[in-house]
Amino acid sequence: MTDRHCKRIFAMLSEYLDDQLPVKNCRELERHLKGCRPCIAFLESLKTTVEACRGYKAPRAPAPSKEVKAALLAAIQRSHRSQ
Amino acid sequence: MNSQVEQALASLKSGNPEDVELALETLQGVVYSFGMKVCGVREDAEDTAQETLIRLARQLKDFPDARALAVWLYKVAKTQCLMSRRKSKFAPAQMLSLDALMPKESGAAAPAVKSWEVTPEEILLNKELRSKLKDAVLALPKHYRLVLILRDMEQLDTREVAEVMGISEETTKMRLHRARVFLRNALAGYVRRAEMPKVRAHD
């Protein structure tokens, strides 16, 4: 992935994966991919990375504190009274 | 994500204490999870959730829809994360250059790139790779990290991310691409080096 065209294509890969690449650039990218194995491989690995991020889950949240619960309930009651 | 927030918003508007409690748990889950991904520290994520939800209570107003509430929540949570007292966990602000991130493999070295044969599921199920992914996210400079988390983990659309970050959609896309490549490169070393053990779904 060192030639100029690869460099240009490299900058477009995320937009391509997100279906946000303009049609003209999309055609150019797909034409390039047909003949460039390193770019195909890089695109695949980028796609895998993005999909892993989409599936990543943080640990479960603890229950909200009493302070937060009380503040929110009070605010909601106030807003209902004022309506 | 918006369907969760949508349901929570409807429950908040109902004023029914039981529904409000459920809504609060949902929103706590959303904000805490975001805080964990951004800060990487449980205490900071808890503070972020607490401060954000207290602000929600103080400034409770009629959000026109779930999207508006979601953008508001992430905006406030993002600010809380950036102000968290364990600032040292944030990598120093720096720019990621696309040239520097671009792999130099070509010709004979190209097949090495092909050795990336791990699936997204394998990354998530393999403890070591999952932890590398988490570490790589935390190693991203904060403005790239926030964009990546909002877009790829919280799954907001480009416009929503731009709104939360207060930047243009073009800048959002640019930061997202660099952040993705940074992560991909960070994982690549492990994917290539390690003999990927076959993992079972319940591991």
Side-chain angles (χ1 to χ4, degrees), chain A residues 1-22 36-83, chain B residues 12 15 17 20-21 23-25 27-37 42 45-46 49-50 53-54 56-58 60-61 98-99 102-106 110-111 113-114 116 118-121 123-124 129-130 133-134 137 148-149 152-153 155 158 173 176-177 180-181 183-184 187-188 191:
Chain A
M1 297 182 73
T2 48
D3 77 33
R4 288 178 93 99
H5 201 201
C6 288
K7 206 167 170 179
R8 188 174 146 73
I9 296 299
F10 179 68
M12 300 179 190
L13 295 178
S14 276
E15 281 186 77
Y16 180 69
L17 286 178
D18 292 341
D19 287 328
Q20 290 180 332
L21 198 61
C36 186
R37 290 176 63 188
C39 282
I40 294 175
F42 192 88
L43 177 67
E44 284 305 315
S45 63
L46 195 64
K47 190 176 169 197
T48 300
T49 305
V50 173
E51 285 172 3
C53 286
R54 289 189 179 141
Y56 182 86
K57 299 270 178 283
R60 229 181 131 79
S65 70
K66 283 182 183 165
E67 188 191 350
V68 172
K69 270 188 201 174
L72 201 63
L73 277 170
I76 285 167
Q77 280 162 4
R78 272 199 307 277
S79 95
H80 275 257
R81 273 201 299 272
S82 67
Q83 275 172 6
Chain B
L12 285 178
V20 169
E21 204 157 316
L24 187 54
E25 275 173 30
L27 298 180
Q28 164 99 355
V30 170
V31 180
Y32 177 85
S33 160
F34 173 69
M36 273 304 289
K37 290 166 193 158
R42 190 172 48 83
E46 282 177 12
Q50 167 123 345
L53 295 177
I54 283 181
L56 174 67
R58 280 189 206 136
L60 197 61
K61 51 182 180 179
L98 205 54
D99 271 356
M102 189 171 167
K104 301 293 178 276
E105 300 99 336
S106 68
V113 186
K114 254 206 124 193
W116 180 295
V118 63
T119 66
E121 293 75 25
I123 293 175
L124 295 169
L129 281 179
R130 201 185 129 83
L133 175 66
K134 184 184 158 210
V137 171
L148 179 115
I149 292 171
D152 284 346
M153 294 182 162
Q155 300 187 35
T158 305
K173 287 180 192 171
L176 178 68
H177 183 52
R180 284 174 173 176
V181 174
L183 284 199
R184 179 265 172 213
L187 287 175
V191 172

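Chain identifiers are assigned alphabetically (A, B, ...) following the order of the sequence lines, protein sequences preceding nucleic acid strands; residue numbering begins at 1 within each chain. All heavy atoms count here, side chains included; hydrogens, waters and symmetry mates do not.
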Worksheet item: If we only count heavy atoms from C-beta on, is the D99(B) to K7(A) side-chain gap below 4.5 Å?
Response: yes
Practice prompt. Can you tell which part of E51(A) gets under 4.5 Å to a heavy atom of chain B, answering side chain, backbone, both or neither?
Written response: both
Discussion item. Please classify the contact between A71(A) and chain B as side chain, backbone, both or neither, with a heavy-atom cut-off of under 4.5 Å.
Written reply: both
Worksheet entry | Contact class of K57(A) relative to chain B, heavy atoms under 4.5 angstrom | backbone
Worksheet item: Can you find a heavy atom in the side chain of E67(A) that is under 4.5 Å from one in the side chain of I54(B)?
Response: yes
Worksheet item: Salt bridge check: are D18(A) and K173(B) linked by an N-O gap of less than 4.0 Å?
Response: no
Worksheet item: Any side-chain heavy atom of R54(A) within less than 4.5 Å of one from M153(B)?
Response: no
Worksheet item: Given that the side chain runs from C-beta out, which part of A11(A) has a heavy atom under 4.5 Å from chain B: side chain, backbone, both or neither?
Response: both
Worksheet, complete the sentence: Counting heavy-atom pairs under 4.5 angstrom with chain A, the leader among A45(B), S33(B), A23(B) is S33(B)
Item to complete: Would you please name every residue forming a side chain to side chain contact (heavy atoms under 4.5 Å, CB included) with D19(A), sequence neighbours left out?
Response: none
Worksheet item: Which pair of non-hydrogen atoms, one from M102(B) and one from C6(A), has the smallest distance, and what is that distance?
Response: CE-C, 3.8 Å
Discussion item. Using only atom types and a distance under 3.5 Å, with no angle test, would you say the side chain of Q50(B) pairs donor to acceptor with the backbone of S65(A)?
Written reply: no
Discussion item. Are H177(B) and F10(A), when compared by the centres of their aromatic rings, separated by less than 6.0 Å?
Written reply: yes
